[in-house]
Novice: 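Could you have a look at this structure, given as structure tokens, before my questions?
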Amino acid sequence: VFLSLQLFGTIVWILVAATRVPLPLLQGWVMFVAVTAWFLSIVFLCVFLFGYANRIAVNWNQTDFLFHGATFVFYFGAFLLQAATTSLHHFPRKFNATTHEKILGDHEYNISIAASIFAFATAVCYGCSTALALRRWRL
């Protein structure tokens, strides 16, 4: 599950960065969640790989559950914002009285759809990780 979290999160990050970011407030949050979750997941992995988990007196099962649960909530919110951005494809962006351009061009619309799908897939993976972490913590 960890590899899919990193892979899907990286794809979301790349796809959102590949657009002109027509709505910085919405897509800025998506980028923040993708980058922060990716970085914190790597830090979390390194804590276990380098043996720091044995040196730090923390209930790691509970910490794992809280981390993945919070990240699931944030990523699901990011998915909703990315989907909302995608849904605004047909609305015009008004520059002046004679020129009308869509908020998302056709190419950016396709990229935004892919970003929405991968954001949803990442949220599902974090949800599965949360369920597995709860199971480990409670058993």
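We number each residue from 1, following the sequence as shown.
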Novice: If you group Ile, Leu, Val, Met, Phe, Trp and Tyr by side-chain heavy-atom gaps below 4.5 Å, do Ile14 and Leu3 land in one group?
Specialist: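 Not linked; separate clusters.
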Novice: Could you report the tightest heavy-atom contact between Val12 and Ala115, atom names first, then the distance?
Specialist: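 For Val12 versus Ala115, the nearest heavy atoms are CG2-O, 4.0 Å.
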Novice: Within a radius of less than 6.0 Å around CG of Leu25, do more than 12 heavy atoms belonging to other residues, nucleotides or ligands occur?
Specialist: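 Counting neighbours around CG of Leu25, 12 or fewer heavy atoms of other residues, nucleotides or ligands fall under 6.0 Å, so no.
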Novice: So how far is it from Thr19 OG1 to Ile111 CD1, rounded to the nearest 0.5 Å?
Specialist: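 CD1 of Ile111 is found 7.0 Å from OG1 of Thr19.
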Novice: Once you round to the nearest 0.5 Å, how far does OH of Tyr109 lie from CG of Leu88?
Specialist: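 CG of Leu88 is found 10.5 Å from OH of Tyr109.
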Novice: Who passes ring pair (Phe, Tyr, Trp, His ring centres under 6.0 Å) against Tyr52, sequence neighbours left out?
Specialist: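 For Tyr52, no residue satisfies ring pair (Phe, Tyr, Trp, His ring centres under 6.0 Å) once neighbours in sequence are set aside.
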Novice: First locate atom CZ of Phe65, then atom CZ of Arg136, and finally report the distance between them rounded to the nearest 0.5 Å.
Specialist: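 Between Phe65 CZ and Arg136 CZ, I get 11.5 Å after rounding to 0.5 Å.
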Novice: Show every donor-acceptor pair shorter than 3.5 Å between a side-chain atom in residues 29-48 and any protein atom, with sequence neighbours excluded, or say none if there are none.
Specialist:
residue: Thr36; atom: OG1; partner: Phe32; partner atom: O; Å: 2.7
residue: Trp38; atom: NE1; partner: Gln6; partner atom: OE1; Å: 2.8
residue: Trp38; atom: NE1; partner: Thr10; partner atom: OG1; Å: 3.1
residue: Ser41; atom: OG; partner: Ala37; partner atom: O; Å: 2.8
residue: Ser41; atom: OG; partner: Tyr126; partner atom: OH; Å: 2.9

Novice: Distance from Ser129 atom OG to Leu134 atom CG, nearest 0.5 Å?
Specialist: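 CG of Leu134 is found 12.5 Å from OG of Ser129.
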Novice: Among all residues two or more places apart in sequence or in another chain, which pass the side-chain contact (heavy atoms from CB on, under 4.5 Å) test with Asp106?
Specialist: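 For Asp106 the side-chain contact (heavy atoms from CB on, under 4.5 Å) partners, ignoring immediate neighbours, are His89, Lys102.
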Novice: What distance do Leu66 atom CG and Thr130 atom OG1 have between them, rounded to the nearest 0.5 Å?
Specialist: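 Going from the CG atom of Leu66 to the OG1 atom of Thr130 covers 9.5 Å.
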Novice: So which heavy atom on Asn61 is nearest to which on Trp137, and how close?
Specialist: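 That would be CB-CA, 3.8 Å.
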Novice: Anything under 3.5 Å between a donor and an acceptor, one on a side chain of residues 67-84, the other on a protein residue two or more places apart or in another chain? List them.
Specialist:
residue: His68; atom: ND1; partner: Asp64; partner atom: O; Å: 3.0
residue: His68; atom: ND1; partner: Asp64; partner atom: OD1; Å: 2.7
residue: Thr71; atom: OG1; partner: Phe67; partner atom: O; Å: 2.7
residue: Gln82; atom: OE1; partner: Gln27; partner atom: NE2; Å: 3.4
residue: Gln82; atom: NE2; partner: Ser112; partner atom: OG; Å: 2.8

Novice: Any pair with a residue in residues 72-86 that passes salt bridge (charged side-chain N to carboxylate O under 4.0 Å, His left out), sequence neighbours left out, goes on the list, sorted by first then second residue, please.
Specialist: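 Those involving residues 72-86 do not exist here.
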Novice: Applying side-chain contact (heavy atoms from CB on, under 4.5 Å), can you list everything that pairs with Ile11, at least two apart in sequence or on another chain?
Specialist: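 Leu7, Leu15, Phe118.
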